[in-house]
Every structure is written in structure tokens, then in C-alpha cells.
Amino acid sequence: MNSTHQTVQALLVFAIPVLFAISLHEVGHGYVARYFGDPTAANEGRLSINPLRHIDPFGTVVLPLVLYWLIQLPFGYAKPVPVEFDRLRNPKKHMAFVALAGPAANFAMGVAWSIIGILLAVAGIGERFWFDMVRAGVSVNAVMMVFNLLPIPPLDGSHVLASVLPERVLRWLPTVPPDGGRSLASLLPSGMLAALPKRTFKLVNDIAVIDVLIFASFILLMRLHVLDSFLSRAMTIAIAAFAKVASPFYFLLS
């Protein structure tokens with residue numbers, strides 16, 4: 001099996017877990033936001049498990065490919081669902097629940113992939129492709145859950161932190177809109193933008209500067225092995241938690 005075929009197969013193994021991990025993460029935010037009084041995501045048709053409704057050009061396509069090349073883990077993110085915190089019944093309190101809904105969705109999916117692995121084993125299915133996909137689903141959801149809980153804007157952990165800190169402290173902290181910062185196109189010369197094909201211009205215009213900076217920093221820290229130890233331990237704990245919750249299914253089915 002040549003290296004090109006192996007790379008294509010590896011990307012296919014990760015494609016379904018990544019697409020559903022990022023999509024259901026965003027849907028989780030939208031459903032909880034609607035429950036607490038903000039129907040914005042529902043009104044814009046974002047409460048759908050169809051991945052096509054949540055694809056972000058940079059986070060869903062470019063970033064996973066770059067990360068697969070750098071660290072062999074195609075982590076990414078979807079286009080954030082719109083949440084207007086001011087429309088929540090109790091914005092300061094409920095923003096934490098909305099933020100935690102995304103990582104909670106990843107936890108549920110990690111458990112679901114673990115159960116699928118149990119079902120494959122009990123059914124005697126030994127094809128490597130499916131077990132590789134299960135491992136990918138578990139790993140992707142573990143890293144998404146852990147990473148998004150970091151208290152760094154605009155990640156979910158920053159909104160959880162903001163919900164518990166007093167207002168006098170929050171005034172001194174940097175804030176980033178939940179949907180990212182200004183578009184990358186706003187920083188490029190107008191002549192260059194005019195020369196770009198329409199599809200390329202739309203791609204550049206959809207990329208938020210803050211997203212690029214956050215994830216460029218993440219990639220750099222991973223390459224410098226600064227985050228390796230933390231992420232490895234946190235992922236190990238998350239994966240063990242998935243397996244613990246899924247374990248009763250093994251005893252029921254075996």
C-alpha cells in the first residue's frame with residue numbers, strides 16, 4: 001500500500017468523526033441557547049445535524065489538513081452558531097450552560113463512538129477501517145472537548161469563566177465575539193481583493209482573524225511541545241471517562 005493511498009484512507013477514517021464532532025458541538029450550543037431564550041440559531045436554520053450547514057472554510061477544511069500534516073490529528077471547528085447572550089433570560093448565568101453544551105456534545109459523541117466499538121467487537125467485525133474510525137471518533141471528540149474548555153477567548157471555556165467572574169474583573173479582561181473577530185479580507189489591500197476570483201474572495205472573507213491567530217498559536221505550541229503533556233493527560237482522562245460510561249453496554253451485550 002503506497003503512502004498516497006494510506007494518506008487518503010486516513011483522511012477518510014477521520015472525515016466522518018470530525019464533521020459530526022464539530023457539527024453537533026455547534027448544534028448543542030444552539031439548542032441550549034434556544035432553551036434559555038435565544039432563538040437566533042434556530043431562526044437561521046443552524047439547528048441541523050447536516051454538516052454542510054456548519055462548514056467553515058478555514059476551520060473545517062484548511063485547519064484539519066494542516067494539523068494532520070503537522071501532528072497527525074485533524075482537529076478543526078465548524079462555523080459558530082450565532083448566539084446573542086443578551087437575549088438569554090439570565091445572560092451571565094445561562095451563557096455558561098450554552099458554552100458547556102458544545103463540550104458536552106463531544107462527551108456524548110465520545111461515549112457513542114466507544115459504544116460503537118463495543119458493538120463491532122461483540123459482533124465479531126474485525127475490519128481495521130471501522131476500528132480506526134472508532135478510535136478517530138473517540139480521539140477527535142476528546143481533544144475537541146478538552147481544547148474548547150480552555151479559558152481562552154473565543155473558546156467555550158472563556159464564556160464559562162466569564163459567567164463566574166465578577167463584573168469588576170471582567171472589565172479588565174480581553175473579549176472576543178463568539179463568532180470570531182474581523183475578517184481576514186479586511187486586512188488585505190483592496191487591489192489584491194479585487195483581483196481574487198469570487199470563490200476565493202468569499203473564502204478569505206469568511207475567515208476571522210482571531211480564529212487564525214488562536215489556531216496558529218495552537219499549532220506553534222504543539223510544534224514546540226509546550227501543550228503536548230497537558231493535552232495528552234487531559235485526553236487520556238477524557239477517553240477513560242468515555243470508556244467508563246460505555247462499559248455497561250459491554251456487559252449487557254457480551
Side-chain angles (χ1 to χ4, degrees), residues 14-64 67 73-91 93-116 133-134 136-150 152-160 162-163 176-180 206-208 210-211 214-215 238 241-242 245-246:
F14 274 95
I16 291 177
V18 168
L19 285 174
F20 280 99
I22 59 182
S23 298
L24 293 179
H25 178 102
E26 295 302 327
V27 169
H29 288 313
Y31 269 110
V32 175
R34 185 175 67 173
Y35 178 80
F36 285 117
D38 175 26
T40 308
N43 293 342
E44 295 189 12
R46 294 294 305 280
L47 300 188
S48 168
I49 61 171
N50 179 1
L52 295 178
R53 290 182 177 268
H54 306 285
I55 287 177
D56 177 273
F58 177 75
T60 315
V61 181
V62 177
L63 183 67
L67 287 179
L73 184 60
F75 167 73
Y77 62 93
K79 182 169 59 177
V81 295
V83 177
E84 297 181 20
F85 291 123
D86 291 342
R87 299 182 69 178
L88 300 174
R89 290 191 292 274
N90 185 335
K93 177 182 177 182
H94 292 159
M95 72 187 310
F97 291 100
V98 174
L100 287 171
N106 292 125
F107 183 87
M109 280 184 282
V111 173
W113 281 109
S114 299
I115 293 172
I116 291 172
M133 184 175 288
V134 166
V138 169
S139 299
V140 165
N141 281 286
V143 74
M144 275 200 70
M145 183 180 75
V146 169
F147 184 68
N148 277 285
L149 287 174
L150 293 175
I152 303 170
L155 301 178
D156 299 328
S158 67
H159 300 302
V160 177
S163 72
V176 176
D179 57 350
D206 284 344
I207 297 175
I210 190 65
D211 293 338
I214 290 281
F215 288 99
F242 298 161
V245 175

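Between the side chain of Arg46 and the backbone N or O of Pro82, no donor-acceptor pair lies under 3.5 Å. Checking side-chain atoms of Arg89 against main-chain N and O of Tyr35 turns up a donor-acceptor pair under 3.5 Å. Judged by distance alone, with hydrogens and angles left aside, the side-chain atoms of His54 form a donor-acceptor pair with the main-chain N or O of Ser48 at under 3.5 Å. Formation of a donor-acceptor pair under 3.5 Å by the Asp38 side chain with backbone atoms of Arg87 is not found in this model. With Ser139 contributing its side chain and Ala136 its backbone, the two residues share no donor-acceptor pair below 3.5 Å.
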*Give the intermediate values and the outcome of side-chain contact (heavy atoms from CB on, under 4.5 Å) for residues Val245 and Phe107.*
CA-CA 10 Å; Val245 175; Phe107 183 87; 3.9 Å; yes
_Worked check of side-chain contact (heavy atoms from CB on, under 4.5 Å) between Met109 and Val140_ = CA-CA 10 Å; Met109 280 184 282; Val140 165; over 6 Å; no
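Taken from CG in Asp156 to CE in Met145, the straight-line distance is 12.0 Å, to the nearest 0.5 Å. Atom CD1 of Ile55 is separated from atom OG of Ser23 by 7.0 Å, given to the nearest 0.5 angstrom. Rounded to the nearest 0.5 angstrom, Thr40 OG1 and Leu88 CG are separated by 8.5 Å. Distance check, rounded to the nearest 0.5 Å: CZ of Phe20 to CG of Asn50 gives 8.0 Å.
Side chains of Leu149 and Leu100 form a contact here, defined as non-hydrogen atoms less than 4.5 Å apart. Using a 4.5 Å heavy-atom threshold, the side chains of Leu24 and Ile49 count as touching.
Residues Asn106 and Ala21 approach most closely at ND2-O, 3.3 Å, considering heavy atoms. Residues His159 and Ala99 share a closest heavy-atom pair of CB-CB, 3.7 Å. When all heavy atoms of Gly30 and Ala41 are compared, the pair lying nearest together is CA-CB, 3.9 Å. Contact between Ser163 and Met95 at its shortest, heavy atoms only, is CB-CG, 3.7 Å. Pairing each heavy atom of Leu47 with each of Ala42, the nearest pair is CD1-CB, 3.5 Å. When all heavy atoms of Asn141 and Trp113 are compared, the pair lying nearest together is ND2-CD1, 3.6 Å.
Taking the six-membered ring where the residue is Trp, Phe36 and His94 present parallel rings, their angle staying beneath 30° rather than reaching 60°.
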